[in-house]
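To start, the structure itself, in C-alpha coordinates.
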Amino acid sequence: MAISKDSAKDWVELAGVVAMLKESRVSLTEGCRSIAEIYERICGDPALDPYFEPFLEYDDKTISYPVGQERQNWSQSALERIDRERVAYEESVRESLMQSVASLEIYAKSVAI
(Lines give C-alpha, C1' and ligand atoms only; values in the text may rest on other atoms or scores of the structure.)
Protein backbone atom coordinates (compact mmCIF):
# COMPACT_ATOMS: atom_id res chain seq x y z
CA MET A 1 0.00 0.00 0.00
CA ALA A 2 1.51 3.32 -1.05
CA ILE A 3 0.80 6.08 1.45
CA SER A 4 1.40 9.80 1.27
CA LYS A 5 3.80 11.61 3.58
CA ASP A 6 0.84 13.13 5.46
CA SER A 7 -0.78 9.74 5.80
CA ALA A 8 2.50 8.28 7.07
CA LYS A 9 2.31 10.74 9.99
CA ASP A 10 -1.17 9.44 10.77
CA TRP A 11 0.10 5.84 10.81
CA VAL A 12 2.89 6.82 13.20
CA GLU A 13 0.31 8.58 15.39
CA LEU A 14 -1.84 5.44 15.27
CA ALA A 15 1.09 3.32 16.43
CA GLY A 16 1.52 5.73 19.34
CA VAL A 17 -2.14 5.48 20.37
CA VAL A 18 -1.94 1.70 20.21
CA ALA A 19 1.15 1.77 22.46
CA MET A 20 -0.67 4.02 24.96
CA LEU A 21 -3.60 1.59 25.03
CA LYS A 22 -1.29 -1.36 25.64
CA GLU A 23 0.40 0.49 28.50
CA SER A 24 -2.96 1.70 29.92
CA ARG A 25 -1.87 5.34 29.57
CA VAL A 26 -5.29 6.18 28.10
CA SER A 27 -8.72 4.70 28.73
CA LEU A 28 -10.20 2.36 26.16
CA THR A 29 -12.74 5.03 25.34
CA GLU A 30 -10.10 7.71 24.71
CA GLY A 31 -7.92 5.33 22.72
CA CYS A 32 -10.76 4.04 20.56
CA ARG A 33 -11.99 7.58 19.96
CA SER A 34 -8.48 8.55 18.78
CA ILE A 35 -8.25 5.47 16.56
CA ALA A 36 -11.63 6.30 15.00
CA GLU A 37 -10.47 9.87 14.30
CA ILE A 38 -7.23 8.64 12.73
CA TYR A 39 -9.17 6.11 10.66
CA GLU A 40 -11.29 8.94 9.27
CA ARG A 41 -8.12 10.71 8.08
CA ILE A 42 -6.33 7.72 6.56
CA CYS A 43 -9.08 5.53 5.27
CA GLY A 44 -11.75 4.99 2.86
CA ASP A 45 -10.14 1.67 2.05
CA PRO A 46 -12.59 -1.13 2.95
CA ALA A 47 -9.68 -3.59 3.01
CA LEU A 48 -8.50 -1.95 6.24
CA ASP A 49 -11.87 -2.30 7.95
CA PRO A 50 -11.10 -5.63 9.67
CA TYR A 51 -8.25 -3.96 11.55
CA PHE A 52 -10.34 -0.96 12.58
CA GLU A 53 -13.85 -2.40 12.92
CA PRO A 54 -13.66 -3.31 16.64
CA PHE A 55 -12.52 0.23 17.49
CA LEU A 56 -15.12 1.91 15.29
CA GLU A 57 -17.87 -0.22 16.84
CA TYR A 58 -16.63 0.56 20.35
CA ASP A 59 -16.51 4.26 19.57
CA ASP A 60 -20.07 4.16 18.19
CA LYS A 61 -21.28 2.51 21.42
CA THR A 62 -19.43 4.98 23.67
CA ILE A 63 -19.85 8.22 21.74
CA SER A 64 -21.97 9.63 24.58
CA TYR A 65 -19.04 9.39 27.02
CA PRO A 66 -17.17 12.69 27.15
CA VAL A 67 -13.39 12.70 26.67
CA GLY A 68 -10.77 15.42 26.54
CA GLN A 69 -11.92 19.03 26.49
CA GLU A 70 -15.55 17.97 26.24
CA ARG A 71 -15.42 16.89 29.92
CA GLN A 72 -15.15 20.56 30.96
CA ASN A 73 -18.76 21.04 29.86
CA TRP A 74 -20.05 18.45 32.35
CA SER A 75 -20.80 18.80 36.04
CA GLN A 76 -18.66 16.85 38.48
CA SER A 77 -21.59 14.70 39.61
CA ALA A 78 -22.54 13.86 36.03
CA LEU A 79 -18.92 12.94 35.24
CA GLU A 80 -18.74 10.67 38.27
CA ARG A 81 -21.93 8.87 37.21
CA ILE A 82 -20.95 8.51 33.56
CA ASP A 83 -17.40 7.49 34.43
CA ARG A 84 -18.71 4.60 36.55
CA GLU A 85 -20.82 3.49 33.60
CA ARG A 86 -17.91 3.93 31.16
CA VAL A 87 -15.44 2.00 33.33
CA ALA A 88 -17.91 -0.88 33.77
CA TYR A 89 -18.37 -1.10 30.00
CA GLU A 90 -14.62 -0.87 29.36
CA GLU A 91 -14.01 -3.77 31.74
CA SER A 92 -16.66 -5.89 30.03
CA VAL A 93 -14.93 -5.60 26.63
CA ARG A 94 -11.30 -5.11 27.64
CA GLU A 95 -10.01 -8.62 26.89
CA SER A 96 -11.44 -8.84 23.40
CA LEU A 97 -10.53 -5.27 22.53
CA MET A 98 -6.95 -5.74 23.68
CA GLN A 99 -6.65 -8.67 21.28
CA SER A 100 -7.70 -6.28 18.53
CA VAL A 101 -5.13 -3.77 19.80
CA ALA A 102 -2.40 -6.38 19.33
CA SER A 103 -3.50 -7.06 15.74
CA LEU A 104 -3.73 -3.37 14.90
CA GLU A 105 -0.31 -2.74 16.45
CA ILE A 106 1.35 -5.26 14.13
CA TYR A 107 -0.43 -3.84 11.12
CA ALA A 108 0.21 -0.16 12.00
CA LYS A 109 3.91 -0.80 12.57
CA SER A 110 4.20 -2.52 9.19
CA VAL A 111 2.62 0.48 7.46
CA ALA A 112 4.42 3.16 9.50
CA ILE A 113 7.88 1.84 8.64
Side-chain angles (χ1 to χ4, degrees):
M1 161 196 257
I3 58 175
S4 71
K5 189 179 249 187
D6 288 339
S7 182
K9 292 176 190 174
D10 291 329
W11 283 98
V12 169
E13 180 183 351
L14 178 66
V17 171
V18 166
M20 288 190 299
L21 275 167
K22 282 183 63 181
E23 297 164 6
S24 298
R25 290 190 284 145
V26 295
S27 70
L28 287 178
T29 302
E30 291 170 302
C32 289
R33 186 89 32 97
S34 293
I35 289 170
E37 290 169 0
I38 295 167
Y39 177 80
E40 291 292 322
R41 295 194 307 259
I42 64 175
C43 268
D45 183 352
L48 296 178
D49 286 352
Y51 293 100
F52 289 90
E53 186 174 7
F55 307 100
L56 300 174
E57 287 178 5
Y58 181 92
D59 187 49
D60 282 346
K61 290 179 182 175
T62 61
I63 198 70
S64 64
Y65 300 146
V67 297
Q69 296 289 351
E70 182 184 357
R71 292 177 64 83
Q72 294 177 2
N73 299 324
W74 289 63
S75 71
Q76 187 62 34
S77 62
L79 284 173
E80 289 171 2
R81 179 185 50 78
I82 202 120
D83 283 348
R84 282 191 300 272
E85 184 180 310
R86 176 187 55 79
V87 168
Y89 182 67
E90 285 179 353
E91 289 308 313
S92 75
V93 298
R94 181 173 303 282
E95 186 175 333
S96 108
L97 204 53
M98 292 310 290
Q99 291 172 359
S100 297
V101 166
S103 297
L104 184 58
E105 176 183 38
I106 293 166
Y107 186 73
K109 284 181 177 179
S110 74
V111 173
I113 294 175

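What you see is a predicted model; the values in this text were computed from it and never measured.
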Inset, instruction - State yes or no: do L79 and V87 share one hydrophobic cluster built from I, L, V, M, F, W and Y residues joined by side-chain heavy-atom distances below 4.5 Å, directly or via other members? - result: no

Legend entry - Common cluster, V67/I38, ILVMFWY with side-chain heavy-atom separation under 4.5 Å: no

Inset, instruction - Applying side-chain contact (heavy atoms from CB on, under 4.5 Å) between C32 and each of L97, V93, L56, report the one that passes. - result: L97

Inset, instruction - Supply the atom-to-atom distance R71 CZ to Q76 CD, rounded to the nearest 0.5 angstrom. - result: 8.0 Å

Inset, instruction - Could you go through the side chain to side chain contact (heavy atoms under 4.5 Å, CB included) check for F55 and V101 one step at a time? - result: CA-CA 9 Å; F55 307 100; V101 166; 3.7 Å; yes

Inset, instruction - Inspect the surroundings of CD in E70 and state if more than 12 heavy atoms from other residues, nucleotides or ligands are less than 6.0 Å away. - result: yes

Inset, instruction - Report the relative orientation of the aromatic rings in W11 and F52; use parallel for angles under 30°, tilted for 30 to 60°, perpendicular for over 60°. - result: perpendicular

Inset, instruction - Any chance you could measure D59, atom CG, to L28, atom CG, to the nearest 0.5 Å? - result: 12.0 Å

Inset, instruction - Could you pull out the closest heavy-atom pair between M98 and K22, with the gap in Å? - result: CE-CA, 3.8 Å

Legend entry - Residue pairs fulfilling ring pair (Phe, Tyr, Trp, His ring centres under 6.0 Å) with at least one residue in residues 57-84, sequence neighbours excluded: Y58-Y89

Inset, instruction - State which residues pass salt bridge (Lys or Arg N to Asp or Glu O under 4.0 Å) with R86; sequence neighbours excluded, sorted by chain then number. - result: D83, E90

Inset, instruction - Determine whether I63 and V26 fall in the same hydrophobic cluster, where Ile, Leu, Val, Met, Phe, Trp and Tyr are linked whenever their side-chain heavy atoms lie under 4.5 Å apart. - result: no

Inset, instruction - Would you give the length of the straight line joining atom CE of M20 to atom OG of S27, rounded to the nearest 0.5 angstrom? - result: 10.5 Å

Legend entry - From CD1 (I35) to OH (Y51), nearest 0.5 Å: 14.5 Å

Legend entry - Distance (rounded to the nearest 0.5 Å) between E53 CD and S100 OG: 9.5 Å

Inset, instruction - For Q72, enumerate each residue passing the side-chain contact (heavy atoms from CB on, under 4.5 Å) test, keeping only those at least two apart in sequence or located in another chain. - result: Q69

Inset, instruction - Output yes when R33 and E30 qualify as a salt bridge under the 4.0 Å nitrogen-oxygen rule, no when they do not. - result: no

